[in-house]
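Data block below; observations after.
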Number of protein chains: 2
Amino acid sequence: MDTRTLASDLSLAVVRLTRHLRGRRTDSQVSLTQLSALASLSADGPMTPGALAAKERVQPPSMTRVIASLAELGLVVRTPHPTDGRQIIVSLSDPGQALVTDETSAREKWMNDRLAALDDSQIAVLRESVEIISSMVSDSE
Amino acid sequence: MDTRTLASDLSLAVVRLTRHLRGRRTDSQVSLTQLSALASLSADGPMTPGALAAKERVQPPSMTRVIASLAELGLVVRTPHPTDGRQIIVSLSDPGQALVTDETSAREKWMNDRLAALDDSQIAVLRESVEIISSMVSDSE
DNA sequence: TATTGTTATACTCTATAACTATA
DNA sequence: TATAGTTATAGAGTATAACAATA
């Protein structure tokens with residue numbers, strides 16, 4: 001199967017979709033970047049800033065800023081590492097966990113409206129594509 | 001079929017993929033935003049800045065900047081509209097067209113490497129998902 | 001000396017508001 | 001008065017380089 005234009009087509013489709021998603025969150029308390037970090041903490045539990053940066057595939061200084069903004073909102077808490085004084089453990093606060101649950105189940109209105117217009121086979125395709133994309137991104141360097 | 005978590009899962013997958021794609025283009029002459037605009041011009045031919053902004057789903061001032069940067073690189077040219085003095089026609093230059101062709105066919109190395117690791121059915125799923133995502137984004141406001 | 005995290009700084013992308021020129 | 005585009009300005013997201021603290 002020819003994958004030559006798929007890389008380009010997929011790139012353009014996701015960059016445009018991301019543009020929409022970021023722009024349509026003005027009603028939400030947190031940005032897509034912040035939500036993504038919260039979702040990682042919810043999925044994998046408390047971890048260090050370095051681990052979270054690796055998981056989200058951003059550089060450590062970028063994650064420092066995201067964590068600082070989330071801590072200011074009271075959505076995450078930072079506690080010292082029990083044995084290594086250099087490290088810090090970041091974990092979801094109760095409001096942070098509640099927000100993740102809330103966003104996951106109900107808030108993505110714009111996209112849910114569009115998903116509702118799709119038929120079952122299209123939904124199935126997207127669900128599979130999420131798996132595939134996730135595996136592509138989480139592949140080793 | 002349950003679409004409750006799909007909206008959230010798809011959001012997080014595409015935002016992370018976009019992060020990768022943007023970060024991995026440091027070797028390229030143009031950013032993903034610039035390439036997306038060039039691809040639209042290549043697909044649909046010359047158009048006004050307003051039309052291009054609508055197609056890319058960004059606000060006109062954002063597109064003004066993208067066009068200015070592409071013009072500075074010599075990848076697009078701006079010509080006056082033949083009958084309406086307010087409008088401008090943006091079109092690909094020869095180098096601009098060559099760049100689109102080049103990027104589309106060969107440059108997306110990181111993603112092509114990952115696509116090459118997928119089997120035919122996974123490729124087919126992604127190809128369909130591109131169609132679905134594109135239709136979601138190009139839906140009316 | 002190596003590792004973890006942060007601070008300092010800068011660039012890209014995108015937006016809203018205000019302005020200019022033309023219809 | 002309405003439309004097309006631009007300029008001015010601001011904020012989010014991300015990066016690299018340099019620094020501080022700890023191992």
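These numbers come from a predicted model, not from an experiment. In what follows, chains are A, B, ... by sequence order, proteins preceding strands, each numbered from 1. Every heavy atom of this structure was used, including side-chain atoms; hydrogens, water molecules and symmetry mates were not.
At least one donor-acceptor pair under 3.5 Å links the side chain of A/R57 to the backbone N or O of A/A54. Side-chain N or O atoms of B/S42 include none that pairs as donor or acceptor with a backbone N or O of B/L38 at under 3.5 Å.
Within 4.0 Å of B/P61, counting heavy atoms only, lies at least one base atom of the nucleic acid. Contact annotation for B/T83: backbone-only contact, meaning every heavy-atom pair under 4.0 Å involves sugar-phosphate atoms and none involves a base.
Rounded to a whole Å, the CE atom of B/M63 is 17 Å from the C1' atom of C/dT16. A/L17 places its CG atom 13 Å from the P atom of C/dT14, with the value rounded to the nearest Å. To the nearest angstrom, P of C/dC13 lies 17 Å from NE2 of A/H20. When rounded to the nearest whole Å, the span between CD of B/E56 and C1' of C/dC13 equals 13 Å.
With hydrogens and angles ignored, a donor-acceptor pair closer than 3.5 Å exists between the side chain of B/R65 and the base of C/dT14.
In terms of position along DNA chain C, the nucleotide closest to B/Q59 lies nearer the 5' end than the nucleotide closest to the other residue of the pair B/R86 and B/Q59. Positionally, the nearest nucleotide of DNA chain D for A/P60 lies more toward the 5' end than for the other of A/G85 and A/P60.
For A/R16, no side-chain nitrogen or oxygen approaches OP1 or OP2 of C/dT14 to under 4.0 Å. Applying the 4.0 Å criterion to OP1 and OP2 of C/dT12, one finds that B/S31 has every side-chain N and O outside that range. Within the 4.0 Å cut-off from OP1 or OP2 of C/dT14, at least one side-chain nitrogen or oxygen of A/R19 is found.
With a heavy-atom cut-off of 4.0 Å to chain B, the contacted part of DNA chain D has its first and last nucleotide at D/dT3 to D/dT14.
A/L70 and A/V77 sit in two unconnected hydrophobic clusters of ILVMFWY residues. Membership requires side-chain heavy atoms under 4.5 Å apart, directly or through other members.
The nucleotide whose nearest atom lies closest to any side-chain atom of B/T33 is, among C/dT14, C/dT9, C/dA15, C/dT14.
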